[in-house]
Enquirer: 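Can you keep this structure in mind? I'll have questions shortly.
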2 protein chains.
Amino acid sequence: MSTDSTRTAILRAAERLYAERGFGDVTLRDIVAAAEVNLAAVNYHFGSKDELITELFVTRSIATNRERLNELKAAEAAGGGRAPVEDVLRALVGPTVRGCLGPDSQRSDAARFMIRASIEAIPPIRKIKNREIDHLRKFAAALRRALPGKADEEIFWGLHFALAMAHQTVRDSERLLRLSDGVCDLDDVDGVIDRVVNLAALALTATKPAAADKAPARRGGR
Amino acid sequence: MSTDSTRTAILRAAERLYAERGFGDVTLRDIVAAAEVNLAAVNYHFGSKDELITELFVTRSIATNRERLNELKAAEAAGGGRAPVEDVLRALVGPTVRGCLGPDSQRSDAARFMIRASIEAIPPIRKIKNREIDHLRKFAAALRRALPGKADEEIFWGLHFALAMAHQTVRDSERLLRLSDGVCDLDDVDGVIDRVVNLAALALTATKPAAADKAPARRGGR
DNA sequence: TTGCATTTCAAACGTGTGTATGAAACTATC
DNA sequence: GATAGTTTCATACACACGTTTGAAATGCAA
């Protein structure tokens with residue numbers, strides 16, 4: 001093999017197992033069994049378990065960020081340097097949702113691995129995760145361009161809620177599925193993305209006093 | 001002590017440590033050290049580590065659900081059997097948010113423990129967690145009463161998004177804090193709850209075609 | 001006090017984990 | 001085909017974990 005097949009076999013097996021079962025439940029022995037390689041190969045090729053996880057996370061993190069930024073740039077280029085709020089949000093949450101929901105064939109271990117990483121926040125990952133902030137700032141900036149005059153506070157909350165809804169939907173899709181008894185269609189990936197994007201956009205574009213049809217926003221319950 | 005002080009010392013120490021550091025990073029030896037009791041006391045009083053966690057989770061789960069239902073019933077009683085959407089949602093997300101955010105003195109290990117439990121989904125917890133669905137159905141029913149004629153699908157999505165936003169906000173408040181450089185005030189607990197509740201209510205009450213001021217909801221990105 | 005049940009304690013056990021070792025197998029260059 | 005460098009392999013190590021054990025300490029009724 002011209003490519004180091006043992007190395008990549010370990011990476012693929014680890015990514016798949018971690019995506020399926022989480023970090024806590026997967027041992028090196030599980031990984032090497034799935035990859036059909038020797039136990040010592042992990043330490044030979046990666047140095048340690050933590051370095052294996054770190055390499056996986058860094059690689060996927062870069063890929064995800066690039067994918068998001070590509071969509072953002074495409075959207076902004078189409079709009080002459082400014083994209084509608086919806087498109088900015090879609091670029092932010094689309095890649096992850098698309099990789100985690102939908103038919104099995106379309107789901108990616110990579111996206112589900114990243115969700116696991118964001119959930120369990122294992123030490124080797126926690127250190128790197130700080131860079132995500134800088135990445136998100138680029139989307140905050142794009143939202144500012146889309147909403148001139150909007151207060152920063154609102155921008156950040158909108159961004160946060162968009163991520164929260166997308167993230168939680170892919171993370172615990174089972175609960176929504178069971179709660180709704182199948183009424184909520186999580187295989188309609190674009191539909192899910194639209195729900196998240198539209199609601200977050202609503203948060204960002206709605207006029208301040210929130211003119212809902214009834215029950216004006218009241219503060220300080222109980 | 002009339003109350004079994006060793007037992008409760010273990011429970012308190014375990015709850016605090018699990019809340020602070022998660023299940024993966026806390027060993028029985030950590031717990032008994034914090035509780036200042038002997039290692040064997042855990043197995044003597046609880047049988048096993050899993051049973052200790054189960055007892056913690058069951059106790060807190062019941063308490064949380066009761067707190068939520070109390071608020072819901074109070075709200076519905078005040079409205080003659082029907083509460084406004086906002087109040088239903090507030091009863092759902094309020095207890096958790098209030099227990100996890102705000103000044104240290106007001107934060108509770110119990111609420112943060114429950115968040116950890118919902119994040120890490122350890123085997124002993126996973127089995128019990130199914131009951132949460134039944135609990136949430138009561139809130140879905142209350143939302144149906146508040147929004148007669150609304151499609152069930154929308155009810156469930158609204159409920160889901162409300163939980164998603166609240167949950168993610170308390171779970172990763174640090175990220176929002178750093179992203180916004182302190183602009184978003186997470187110590188204003190009622191303010192946070194209002195944001196979540198109002199946005200979720202907007203999702204539930206907004207007319208279907210989502211008449212935002214610009215960029216009509218479009219389907220099928222990329 | 002005596003006797004018995006409950007609780008605490010130090011110490012050890014068995015198991016599963018990540019990691020290290022040193023020899024064997026393989027690959028490529030001369 | 002011999003040699004040096006790389007990769008694989010079976011095996012073992014060291015350690016931390018949850019759990020068990022049996023004796024000591026404590027509480028409490030008669």
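Letters go in sequence order (proteins before strands), and every chain restarts at 1.
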Enquirer: Considering non-hydrogen atoms only, spot the tightest contact between A/A14 and A/L52 and give its length.
Expert: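 Smallest interatomic distance, heavy atoms only, reads CB-CD2, 4.2 Å.
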Enquirer: Quick one: which residue pairs count as a salt bridge (Lys or Arg N to Asp or Glu O under 4.0 Å) with a foot in residues 21-44 of chain B, not counting sequence neighbours?
Expert: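 Pairs touching residues 21-44 of chain B that pass the test: B/R21-B/D30.
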Enquirer: Distance only, no hydrogens: is a donor on one side chain within 3.5 Å (strictly under) of an acceptor on the other, for A/T169 and B/H160?
Expert: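 Judged by distance alone, the side chains do pair up.
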Enquirer: With under 30° as parallel and over 60° as perpendicular, where do the rings of B/Y18 and B/F23 fit, or are they tilted in between?
Expert: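 Geometry flag for B/F23 against B/Y18: tilted rings.
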Enquirer: Please name the pair of heavy atoms, one in B/R178 and one in A/N130, separated by the smallest distance, quoted to 0.1 Å.
Expert: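 The answer is NH2-OD1, 3.0 Å.
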Enquirer: Which residue lies toward the 5' end of DNA chain C, B/Y44 or A/D50, if each is placed at its nearest nucleotide?
Expert: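 Taking each residue's closest nucleotide, the earlier one in sequence belongs to B/Y44.
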Enquirer: Starting at the 5' end of DNA chain D and moving along, which residue's nearest nucleotide shows up first, A/R29 or B/G47?
Expert: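 The answer here is A/R29.
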Enquirer: Reading DNA chain D in the 5' to 3' direction, which nucleotide is the first one with an atom under 4.0 Å from a heavy atom of chain B, and which is the last?
Expert: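 Here the contact window of chain B covers D/dC17 to D/dT21.
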Enquirer: Using every non-hydrogen atom in the two residues, find where B/V88 and B/A142 come nearest and quote the distance to one decimal.
Expert: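 Scanning both residues, the minimum pair turns out to be CG1-CB, 3.8 Å.
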Enquirer: Starting at the 5' end of DNA chain C and moving along, which residue's nearest nucleotide shows up first, A/T27 or A/N38?
Expert: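 Comparing both residues, the 5'-ward one is A/T27.
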Enquirer: For DNA chain C, note the earliest and the latest nucleotide, 5' to 3', having some atom under 4.0 Å of a heavy atom belonging to chain A.
Expert: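 Answer, 5' to 3': C/dT17 to C/dT21.
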Enquirer: Between A/E153 and B/R195, is there a salt bridge with N-O shorter than 4.0 Å?
Expert: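 So B/R195 pairs with A/E153 through a salt bridge.
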Enquirer: Quick check: do A/D172 and B/L163 have side-chain heavy atoms less than 4.5 Å from each other?
Expert: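 Counting from C-beta outward, A/D172 and B/L163 never come under 4.5 Å.
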Enquirer: Remember a base hit wins even if backbone is also touched, and classify A/A41 as base, sugar-phosphate or nothing at under 4.0 Å, heavy atoms.
Expert: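 Counting heavy atoms under 4.0 Å across all strands, no contact is made by A/A41.
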